[in-house]
Amino acid sequence: MNKDLHIHNSLKRTKEQFEPYNPPYVGLYVCGPTVYGEAHLGHARPAVTFDLLFRYLKHLGYKVRYVRNITDVGHLESDADEGEDKIAKKARLEKLEPMEIAEHYARSYHRNMDQMNVLRPGIEPRASGHIIEQQQMVKKILENGYAYERNGSVYFDVEKYNREHNYGKLSGRNIEELRANTRELEGQQEKKNPFDFALWKKAAPEHIMQWPSDWSSGFPGWHLECSAMSTRYLGHPFDIHGGGMDLVFPHHECEIAQSTAAKGQESVRYWMHNNMVTINGQKMGKSLHNFITLNQFFSGDHELLNKAFSPMTIRFFTLQAHYRSPLDFSSEALEAAEKGLEKLLKAGELIDRIKGGDQTDLDLGDVEEKFYQAMNDDLNTPILFAHLFDLVRYINSLDQGQARIRHEDIPRLRSLYDTFVYDILGIRRESKSDSSQLPGELIEMILQIRLEAKKNKDFETADKIRDRLRELGVIVKDTKDGYDWEVKR
RNA sequence: GGUCGCGUGGCCGAGGGGCUUAGGCACCGGUCUGCAAAACCGGUUACGGCGGUUCGAAUCCGCCCGCGACCUCCA
């Protein structure tokens with residue numbers, strides 16, 4: 001098996017060979033959701049992308065520890081009136097405990113991810129459960145002289161850090177540029193520099209979520225949880241840190257600075273970022289009225305959707321684009337993807353009834369090699385699908401007796417298909433609706449009668465039976481010497 | 001305004017100096033069929049604009065246009 005996986009490292013802006021720090025173990029950390037609202041496409045893309053990576057790494061034989069956090073402390077809202085915690089605000093508005101909000105949406109997120117066949121990470125740490133680790137990290141950074149305390153809040157001293165290290169190396173920024181581009185700020189006198197960021201923030205008395213600390217009763221800074229929890233569970237350094245491109249700055253930049261300041265060395269060896277999602281070419285946002293939650297996709301209950309789309313269609317569609325390209329959703333594009341997915345799955349079912357011979361028209365070794373090449377090239381799933389659909393055409397031809405395969409190659413074909421479609425891409429056949437519970441023998445019996453009608457040239461009856469069955473969701477396909485049927489819907 | 005990225009055929013989406021007319025969907029023609037459906041075979045449509053480098057550019061460079069991400073616990 002070709003294990004020569006190359007991934008794009010955002011830090012180097014280039015593809016490089018992936019070599020674990022401590023093989024065969026691989027540490028993978030991905031920024032998870034802030035649970036204050038329903039999951040939407042912006043959550044689905046990184047989840048599916050890094051699920052693919054997780055699955056592929058495991059397939060390659062690595063022992064992967066996959067950590068994806070749940071942010072339940074809540075980042076402050078960027079445009080909120082009083083810098084209010086997102087979760088706390090929602091809790092106040094709905095008169096619930098903040099933890100009820102977090103719990104509710106965490107469950108909803110899990111449900112959606114399960115529907116899309118996204119494997120659960122091995123560890124899903126919550127920020128609220130790691131306040132102590134975060135405080136320890138603040139202390140360490142203070143000890144090392146890269147932070148300062150003001151009125152109960154602790155800020156990271158970016159200027160000091162930048163004298164010895166390179167602040168901005170991930171996002172391609174430099175400190176002078178940041179100084180020039182920082183907006184006019186009020187009430188920021190606590191900070192030495194406007195680009196300093198909070199490690200610990202003193203909370204106002206009315207702030208719902210706060211914890212005691214050496215500095216004040218408050219809450220951890222925005223970027224701290226990922227630094228603290230990733231190294232807590234994956235060690236230092238660890239292999240891969242993933243997340244959406246929108247998190248590169250400031251979130252991941254600050255993570256690098258924090259880890260380096262606390263431990264003298266960067267924590268992350270490979271940074272991976274998935275690109276963003278647009279809808280009908282526009283960025284997705286609540287204010288633009290094109291904000292679609294996953295549940296709305298699954299139910300079709302949104303003005304931009306012509307119909308409902310299954311979770312697997314969303315997954316397939318996501319994987320049809322490369323993870324580093326922007327992905328544009330539209331009802332039309334999803335309808336096309338739905339058909340492609342159906343074609344792919346149908347071919348998978350046909351493999352079991354293929355008859356072999358003693359000659360073959362396709363070298364499965366070549367196909368397998370192409371599959372691995374595509375995946376090893378920074379998880380190029382669009383290329384993988386192109387090769388898979390070539391294989392689908394071959395399978396269909398085999399089914400129709402228009403191509404040949406050796407007996408002994410059939411199990412190999414089965415396993416090749418299953419490995420890549422089911423195991424690595426995580427695509428699965430979704431359960432059909434209840435209307436499909438028609439007994440097979442009954443359908444067979446009816447179709448036998450229809451076959452007799454056809455023999456008697458009673459096409460009127462034959463067509464009536466076919467039409468009626470279609471209404472029940474049974475698609476009849478005539479073949480040379482009989483018929484074939486499948487349940488639709 | 002700054003930094004970074006993108007712009008491919010009717011739609012989605014790979015590739016990335018001459019070979020891939022990637023692949024999916026749609027459309028057209030053919031095979032098969034009583035008719036359909038499915039499948040298979042074949043076909044059509046392309047590299048945002050203008051310059052430059054080169055024997056040769058969709059691919060490299062410059063400019064322009066359009067789109068996107070980010071620009072901080074901060075009103």
Side-chain angles (χ1 to χ4, degrees), chain A residues 10 13 75-85 153 155-156 158 168 171-174 177-178 180-188 190-191 193-203 218-223 244-251 253-254 273 275-278 281-284 316-317 320-322 324-330 332-341 343-344 346-347 350 374 377 380-390 392-397 399-403 454 457-459 462-463 466-467 470 475-480 484-486:
Chain A
S10 306
R13 289 156 204 273
H75 305 165
L76 295 189
E77 279 199 336
S78 55
D79 50 0
D81 289 356
E82 282 140 42
E84 196 169 7
D85 187 292
S153 292
Y155 295 99
F156 191 91
V158 172
S171 56
R173 276 151 228 262
N174 64 61
E177 185 186 293
L178 286 171
N181 275 312
T182 304
R183 299 177 222 146
E184 287 294 315
L185 296 170
E186 310 266 343
Q188 269 269 78
E190 281 181 3
K191 294 188 195 174
N193 279 299
F195 42 68
D196 288 349
F197 55 92
L199 296 174
W200 186 264
K201 191 76 180 165
K202 182 181 179 178
F219 49 93
W222 179 23
H223 317 295
M245 256 176 56
D246 54 334
L247 297 176
V248 169
F249 191 89
H251 189 52
E253 196 71 63
C254 293
H273 293 96
N275 213 314
M276 310 309 286
V277 168
T278 55
Q282 266 197 315
K283 84 168 179 183
M284 193 177 72
F316 176 79
F317 184 74
Q320 254 192 327
H322 186 79
R324 285 192 293 112
S325 296
L327 180 60
D328 187 45
F329 275 77
S330 67
E332 292 71 27
L334 281 169
E335 284 165 46
E338 190 172 49
K339 289 177 188 165
L341 172 62
K343 185 173 172 178
L344 179 65
K346 213 180 280 175
L350 288 181
D377 184 15
N380 199 326
T381 48
I383 293 290
L384 176 59
F385 277 120
H387 295 322
L388 270 170
F389 277 104
D390 286 340
V392 164
R393 189 175 304 117
Y394 178 61
I395 292 168
N396 285 329
S397 295
D399 182 56
Q400 305 220 338
Q402 293 167 7
K454 277 178 66 181
K457 306 269 182 213
D458 182 4
F459 297 121
D463 288 350
R466 186 171 63 194
D467 292 345
R470 176 180 282 273
I475 308 296
V476 179
K477 293 184 275 194
D478 288 349
T479 59
K480 263 199 170 60
D484 195 5
W485 60 275
E486 65 177 334

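Here the structure is a predicted model, which is why all the values come from computation and not from measurement. Convention: sequence-line order gives letters A, B, ...; per-chain numbering from 1.
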Checklist entry - According to a strict under-4.0 Å criterion, is R393(A) in side-chain N/O contact with OP1 or OP2 of C41(B)? => result yes

Checklist entry - Expressed in whole Å, how much space separates the P atoms belonging to U20(B) and A46(B)? => result 15 Å

Item to check | P spacing across the pair G16(B) / U53(B), given as an integer number of angstrom | outcome: 26 Å

Checklist entry - How would you label the contact of Q402(A) with the nucleic acid (heavy atoms, under 4.0 Å): base, sugar-phosphate, or nothing? => result sugar-phosphate

Item to check | Whole-angstrom distance between C60(B) and G15(B), as gauged at atom P | outcome: 13 Å

Checklist entry - Sub-3.5 Å donor-acceptor pair from the side chain of D377(A) to the main-chain atoms of N380(A), do we have one? => result no

Item to check | Sugar-phosphate, base or nothing in reach of F389(A), heavy atoms under 4.0 Å | outcome: sugar-phosphate

Checklist entry - What does D246(A) touch in the nucleic acid at a heavy-atom separation under 4.0 angstrom: a base, only the sugar-phosphate, or nothing? => result sugar-phosphate

Item to check | Distance, P atom - from A22(B) to A58(B), rounded to whole angstrom | outcome: 15 Å

Item to check | Any S325(A) side-chain N or O less than 4.0 Å from OP1/OP2 of C6(B) | outcome: no

Next on the checklist: Should the side chain of R173(A) and the base of C71(B) be counted as holding a donor-acceptor pair, with the cut-off at 3.5 Å?
Outcome noted: no

Checklist entry - Between the base of G23(B) and the side chain of D390(A), is there any donor-acceptor pair under 3.5 Å? => result no

Item to check | Inter-nucleotide C1' distance (C12(B), C6(B)), Å rounded | outcome: 16 Å

Item to check | Short side-chain N/O contact to G15(B) OP1/OP2 from N380(A), under 4.0 Å | outcome: yes

Checklist entry - What does R324(A) touch in the nucleic acid at a heavy-atom separation under 4.0 angstrom: a base, only the sugar-phosphate, or nothing? => result nothing

Checklist entry - NA contact type, K339(A), heavy-atom cut-off 4.0 Å: base, sugar-phosphate, or nothing? => result sugar-phosphate

Next on the checklist: Taking only side-chain N and O atoms of K343(A), does any of them lie within less than 4.0 angstrom of OP1 or OP2 on G23(B)?
Outcome noted: no

Next on the checklist: Does G221(A) reach a base, just sugar-phosphate, or nothing at all? Heavy atoms under 4.0 Å.
Outcome noted: base

Checklist entry - Heavy atoms under 4.0 Å, any strand shown: does N275(A) hit a base, just sugar-phosphate, or nothing? => result nothing

Next on the checklist: Taking any heavy-atom pair under 4.0 Å as a contact, classify A333(A): base, sugar-phosphate, or nothing.
Outcome noted: sugar-phosphate

Next on the checklist: Categorize H223(A) for me: base, sugar-phosphate, or nothing, with a 4.0 angstrom heavy-atom threshold over every strand shown.
Outcome noted: nothing

